[in-house]
There are 2 protein chains.
Amino acid sequence: MKSGESASKFALLGVLSLKPASGYDIKQFVQGSIGHFWSESYGRIYPLLKELADEGLIVQQRGTKASGRSERQVYAITVAGEMALRQWLEHSPRNESPRSELLLKLFFCDHVAPEASAQHVREKKQLEEKHIAIYEQTARHIQQRYPAHPGLPYWLMTLNFGRHRSQALVAWCDETLATLSQLEKKQAKEKTKAKTKAKTKRGTV
Amino acid sequence: MKSGESASKFALLGVLSLKPASGYDIKQFVQGSIGHFWSESYGRIYPLLKELADEGLIVQQRGTKASGRSERQVYAITVAGEMALRQWLEHSPRNESPRSELLLKLFFCDHVAPEASAQHVREKKQLEEKHIAIYEQTARHIQQRYPAHPGLPYWLMTLNFGRHRSQALVAWCDETLATLSQLEKKQAKEKTKAKTKAKTKRGTV
DNA sequence: TTTCTCATGTAAGCAGTTACATGATTTC
DNA sequence: GAAATCATGTAACTGCTTACATGAGAAA
């Protein structure tokens, strides 16, 4: 598998490198453990699992009807799969294309009242504060549950990334809200002035 | 136009709300002015311009052969377009799906030497530092060039967003690099220990 | 004269989400 | 018996990038 290929494949490979899992399990894991910086949908997971199996990077385990429910298709990583994963891990990550709808709206927002933008920023702040709480909670949780796991320091790094980022964004939100309310005041004043002027004019005519 | 539609359309509309432009101009503007949080490709721009024109949100200006080069198709926003833009601006922005290849690699990196990950983090740090320099430079530049433009405060907000974010990420990089080098030392020690043990064993046999 | 920038567009294809179809088992 | 959860998969669609085709004028 070429390292230029979609990161999704390697994400699945990474999850399977921890322990064998089904498509369903993978989805759960991604949502629960790396959900703050990654996502996968069933629509991709199941086809990709087949491709990975065709390439010999994972194998389907047999006899895994598990809890007696509908057939669970459990996959495990192969030695070839581990090699491919390691190779990919060593390559420099592609830089993500930056697309923020919030900033786009903010950039063009002199077409609307500052209050509308302020609302967006307040929502953003709330969201980031919620994220911070989740990061801290998760960090505490995994430190308790996996105190000796070799992966723990790396998991904490990703959480710390989120914490730093969210804290910075909260600070930005505060600054931005202050600026926006100043702008609003200024605009209100100008409006009043304009009205007064108009009145005076009418009065004198 | 429904507000649920792709933000790309509104991005074009936003650019055209500043002044009439061709597809080529739009691309230049996006790269130069909002490139730190948005991107558009020709492959989207030209078809979208046609769609916007069909919807009556923009109109093609005639007689714009401009510099005598090949035909420039210059578009201008209509009143309907301005209304659609305003409506979109007031809607809460959709939250972006978080996908960071760097964090994905970091999360699974106990499969490789810490040095490989450290390299990724160092590159990230360099990139963010470069961004900070660009943000500051751009901020100074537009304050000088457009001191009275009504959009200026908002443009500065988006730059400030980038600054906060990048600074936080640089701080995270430093912390992470420190942790990684500690991990490396620890691993090296364990290796040495294992080797000494092996030697002793061999010596005694 | 060759190369660079300006300029517009199309086609192919990948990546990814969402909706849908199906059905079993568990829980209320 | 209804609803929630477990579980796998497909199809359609959207969004977006990349590569390609074309051609003019400017600069080297």
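Numbered from 1 within each chain, the chains take letters A, B, ... in sequence-line order. Fair warning: this is a prediction, and the values are worked out from it, not measured in the lab.
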**Q** Distance check needed: C:dC6 P versus B:Ile26 CD1, whole Å only.
**A** 16 Å

**Q** Please pick, from D:dT17, D:dC16, D:dT10, the nucleotide with the shortest atom-to-atom distance to any side-chain atom of A:Arg99.
**A** D:dC16

**Q** For the pair A:Phe37 and B:Phe107, name the ring-plane relationship: parallel under 30°, tilted 30 to 60°, perpendicular over 60°.
**A** tilted

**Q** Considering only side-chain heavy atoms of B:Tyr46, which listed nucleotide, C:dT8, C:dT18, C:dA15, is closest?
**A** C:dT8

**Q** To the nearest angstrom, how far is A:Ile45 atom CD1 from D:dC6 atom P?
**A** 15 Å

**Q** When you measure from the side chain of B:Arg72, which nucleotide among C:dA7, D:dG9, D:dT17 comes out closest?
**A** C:dA7

**Q** Under 4.0 Å: is that the gap between some side-chain N or O of A:Ser6 and OP1 or OP2 of C:dG16?
**A** yes

**Q** For the pair made of CG in B:Asn95 and P in C:dT17, what is the distance, rounded to whole Å?
**A** 13 Å

**Q** Of all the choices, D:dG9, D:dT18, C:dG16, which nucleotide is nearest to the side chain of A:Ser8 once you look at every atom?
**A** C:dG16

**Q** Using a cut-off of strictly less than 4.0 Å, decide whether A:Ser22 has a side-chain nitrogen or oxygen near OP1 or OP2 of D:dT8.
**A** yes

**Q** Will you find, in the side chains of B:Arg86 and B:Ser17, an N or O donor that is under 3.5 Å from an N or O acceptor?
**A** no

**Q** Any side-chain N or O of A:Ser41 below 4.0 angstrom from OP1/OP2 of C:dA15?
**A** no

**Q** Where does the angle between the aromatic ring planes of A:Tyr146 and A:His149 fall among parallel (under 30°), tilted (30 to 60°) and perpendicular (over 60°)?
**A** perpendicular

**Q** May I have the distance from B:Arg44 (atom CZ) to C:dG9 (atom C1'), rounded to whole angstrom?
**A** 15 Å

**Q** Look only at the side chain of A:Lys27 and the backbone of A:Glu40, and say whether a donor-acceptor pair between them is shorter than 3.5 Å.
**A** yes

**Q** Please pick, from D:dG15, D:dT10, D:dT8, the nucleotide with the shortest atom-to-atom distance to any side-chain atom of A:Gln73.
**A** D:dT8

**Q** The side chain of A:Asp25 lies closest to which of these nucleotides: D:dG9, D:dG15, D:dA7?
**A** D:dA7

**Q** Rounded to the nearest angstrom, tell me the gap between atom CD in B:Glu51 and atom P in C:dG9.
**A** 14 Å

**Q** As a test of reading the structure: which of C:dC6, C:dG9, D:dT18 is closest to the side chain of B:Lys50, going by heavy atoms?
**A** C:dG9

**Q** Could you tell me how far apart A:Gln60 (CD) and D:dT8 (C1') are, to the nearest whole angstrom?
**A** 11 Å

**Q** Atom OH of B:Tyr42 and atom P of D:dC20: how far apart are they, to the nearest Å?
**A** 18 Å

**Q** Using only atom types and a distance under 3.5 Å, with no angle test, would you say the side chain of A:Glu101 pairs donor to acceptor with the backbone of B:Arg94?
**A** yes

**Q** Using atom OH of B:Tyr24 as one end and atom C1' of C:dC4 as the other, report the distance to the nearest whole Å.
**A** 10 Å

**Q** Mind checking if A:Ser97 touches a base, just sugar-phosphate, or nothing, with heavy atoms under 4.0 Å?
**A** nothing

**Q** Between B:Leu49 and A:Gly43, which residue's closest nucleotide on DNA chain C lies nearer the 5′ terminus?
**A** B:Leu49

